[in-house]
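Have a look at the structure below before the remarks.
Counting convention: from 1, in listed order, for ligands and their atoms alike. Position 1 is the first residue of the sequence, and the numbers go up from there.
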Amino acid sequence: MPLDIEEFRKAGYKAIDRICDYYYSLQDKPVVSQVEPGYLREALPAEAPEDGEDFDTIQDDYQKLIVPGLTHWQHPSFFAYFPTACTFEGMLGDLYASSAANPGFNWACSPACTELEAVVMDWSAKLLGLIPDFYNTSGIGGGVMQTSASDSGLTAVVAARSRFVCLHPSIPLESLIIYVTSQTHSLGAKAGLVLGLEVRVLDVREEDAFALRGETVRAVIDQDKERGKYPFVLIATVGTTSSGAIDRIDEIGEVLQDFPDIWLHVDAAWAGMTFVCPELRGPGELQAINKYATSFCTNFHKWGLVNFDASTLWVRDRKLLTDALDITPEFLRTKHGDEGTVIDYRNWHLGLGRRFRSLKVWFVLRSYGAEGFRRYIRKCIELNNLFASYVLESPDFALVTQPSLALTVFRLQPETEQPLALQALNDLNRIFYGRLSARRDIHLTQTQLNGVFCIRLAIGAVRTDESHIKHAYDVLVEEAGQAIEAWKQTKQAAMD
Ligand SMILES: *Cc1c(COP(=O)(O)O)cnc(C)c1O
């Protein structure tokens with residue numbers, strides 16, 4: 001039975017009440033959902049109801065059926081993947097955006113949607129320390145919001161391909177090649193898949209802390225030239241997903257000066273937010289991005305206090321996007337669009353319609369202020385330093401790489417008479433991780449670095465404080481003891 005306005009008011013109050021209760025009780029819930037695959041299909045009817053139902057019942061079913069199937073990313077003991085920090089301001093922004101229900105593909109669709117995005121992207125660019133070339137007010141470069149870093153990356157690759165093909169119309173598409181590293185997010189491989197283009201994975205070394213170096217780039221370009229391949233885009237990362245590695249943008253940029261047809265896209269989906277803090281912009285990373293990047297992406301929906309989705313993409317030259325993506329059929333033509341006096345964001349990304357995402361970023365930035373935003377980023381890093389100090393002091397754990405910002409990659413490495421071989425350590429850590437993943441009170445994820453099985457702890461939930469870090473460490477110690485026992489037994493059994 002469809003809600004009328006007054007019924008919506010009541011249902012809305014109730015929804016907000018319940019969301020508040022959810023946040024009050026969040027830390028008493030298990031972090032990870034414990035349901036079995038298919039649990040919901042069993043609980044729900046096979047078809048949509050023939051006659052409309054009472055909204056109270058529907059809302060109650062959300063509590064009863066959906067909440068148990070949620071893994072609580074806002075839980076203060078959620079340390080898996082990367083955070084998707086979320087604030088009430090952001091939620092309210094989304095609520096208002098939903099109420100306007102605007103697809104915003106043209107300026108004329110709703111001038112506020114485009115204009116707020118253009119302003120908020122400039123605010124954000126300034127906050128992060130990007131140079132004015134990337135501001136929308138430059139009239140040349142500019143910023144646009146995308147759904148995800150994967151979309152931002154794909155958009156950059158599409159535009160890069162378009163530019164390259166325009167410059168070299170006689171080179172066949174089969175000869176084009178995308179550069180990524182073994183640490184690049186899978187968005188690079190995905191772009192290759194979508195576009196049907198070859199992806200070359202560049203090597204990174206442990207002694208460089210898994211960062212891509214300029215000399216590697218130069219060497220592969222030379223090799224590829226020789227075999228008739230044409231790199232046209234390089235996806236570099238600031239803050240890789242596995243270990244938070246930071247590619248040497250300065251060196252890569254310097255090499256690419258000699259190859260101006262190669263687009264440099266910098267993916268800083270997670271770590272880019274730290275540029276809000278002046279002390280976290282070095283050594284020279286931001287400077288190098290400002291100097292060399294053709295495009296730069298970071299996600300407000302990861303470490304930027306804005307609920308999913310809010311990926312921000314800046315380009316040095318907006319024409320590179322619109323040349324690749326501008327399609328204007330008659331029914332989308334408008335006076336201002338024809339005159340070129342307004343931004344039509346539909347030409348800056350792959351889809352047509354778009355969500356009014358800038359609203360929530362605007363709410364969050366105004367409510368927190370730049371200083372509140374920085375305080376949050378710094379707090380996460382301090383908590384991570386605290387965790388890393390526990391690891392360093394422990395005889396049983398070891399860091400696999402240096403802690404990066406709010407991410408620690410470590411493993412169980414007990415002191416033994418003979419140092420354990422890689423295989424043995426990996427076996428032990430798999431047992432350890434198996435135990436950790438059975439815990440309901442904390443959530444961490446694993447990764448592999450050069451064949452080393454390791455565990456990641458990433459901090460970012462708004463409500464995480466010292467007590468949760470301490471608790472996480474206590475859980476790790478407890479499970480480590482059990483894992484070592486279990487591992488010894490399997491070894492003993494193998495010997496018997
Ligand atoms: C998380 C992450 C991505 C993917 O982000 P989406 O917005 O989910 O596409 C890409 N790159 C890096 C470095 C990431 O950490």
ask   = Any N or O on Asn299 sitting closer than 3.5 Å to an N or O of ligand 1?
value = yes
query = In terms of residue, atom name and distance, what is the protein heavy atom nearest to atom 7 (O) of ligand 1?
reply = Ala149 N, 2.7 Å
ask   = Quick one: nearest non-hydrogen protein atom to atom 4 (C) of ligand 1, plus distance?
value = His185 NE2, 3.2 Å
inquiry  = Within the structure provided, determine whether Phe387 and Leu476 are in side-chain contact (heavy-atom separation under 4.5 Å).
reply    = yes
message = Please list, in number order, the atoms of ligand 1 under 4.0 Å from a heavy atom of Gly239.
response = 13 (C)
With sequence neighbours excluded, residues passing salt bridge (Lys or Arg N to Asp or Glu O under 4.0 Å) with Asp317 = none
task = Check each heavy atom of Thr240 against ligand 1 and say whether those closer than 4.0 Å belong to the side chain, the backbone, both or neither.
result = neither
query = Among Asp250, Asp203, Asp208, which residue meets the salt bridge (Lys or Arg N to Asp or Glu O under 4.0 Å) test with Arg213?
reply = Asp208
ask   = Who's the nearest protein heavy-atom neighbour of atom 11 (N) of ligand 1, and how far?
value = Asp267 OD2, 2.6 Å
ask   = Any idea which atoms of ligand 1 are less than 4.0 Å away from a heavy-atom of Ser148?
value = 6 (P), 7 (O), 9 (O)
query = Asn290 and Phe296: side-chain contact (heavy atoms from CB on, under 4.5 Å), yes or no, with the steps?
reply = CA-CA 9 Å; Asn290 276 328; Phe296 170 76; over 6 Å; no
key: Pair Glu215 + Arg218: basic N to acidic O under 4.0 Å   = no
ask   = Any luck finding a side-chain donor-acceptor pair between Thr240 and Gln183 under 3.5 Å?
value = no
query = Taking only heavy atoms of His301, which atoms of ligand 1 are found under 4.0 Å from at least one of them?
reply = 7 (O)
inquiry  = Holding to ring-ring contact (aromatic ring centres under 6.0 Å, His included), I want the full list of residues that pass it with Tyr292, two or more places apart in sequence or in another chain.
reply    = none
task = Specify the closest pair of heavy atoms between Ser124 and Val361, including all atoms of both residues, with the distance to one decimal.
result = OG-CG1, 4.3 Å
key: Proximal atoms of ligand 1 relative to Phe82 (non-hydrogen, under 4.0 Å)   = 15 (O)
query = Where is the nearest protein heavy atom to atom 9 (O) of ligand 1: which residue, which atom, and how far?
reply = Ser150 OG, 2.6 Å
message = Check for me whether the distance between the ring centres of Trp263 and Phe164 falls short of 6.0 Å.
response = no
query = Just heavy atoms, cut-off under 4.0 Å: does Tyr81 contact ligand 1 by side chain, backbone, both, or neither?
reply = neither
query = With a cut-off of 4.0 Å, which atoms of ligand 1 are near a heavy atom of Ala269?
reply = 2 (C), 3 (C), 10 (C), 11 (N), 12 (C), 14 (C)
ask   = Side chain, backbone, both or neither: which part of Leu187 has a heavy atom under 4.0 Å from ligand 1?
value = side chain
request  = Go through the steps to decide whether Asn307 and Thr84 satisfy the test side-chain contact (heavy atoms from CB on, under 4.5 Å), and finish with yes or no.
outcome  = CA-CA 7 Å; Asn307 45 320; Thr84 171; 5.8 Å; no
remark   = Note: ligand 1 atoms sitting under 4.0 Å from heavy atoms of Thr241 are 12 (C), 13 (C), 14 (C), 15 (O)
Closest protein heavy atom to atom 1 (C) of ligand 1, given as residue, atom name and distance to 0.1 Å = Lys302 NZ, 1.3 Å
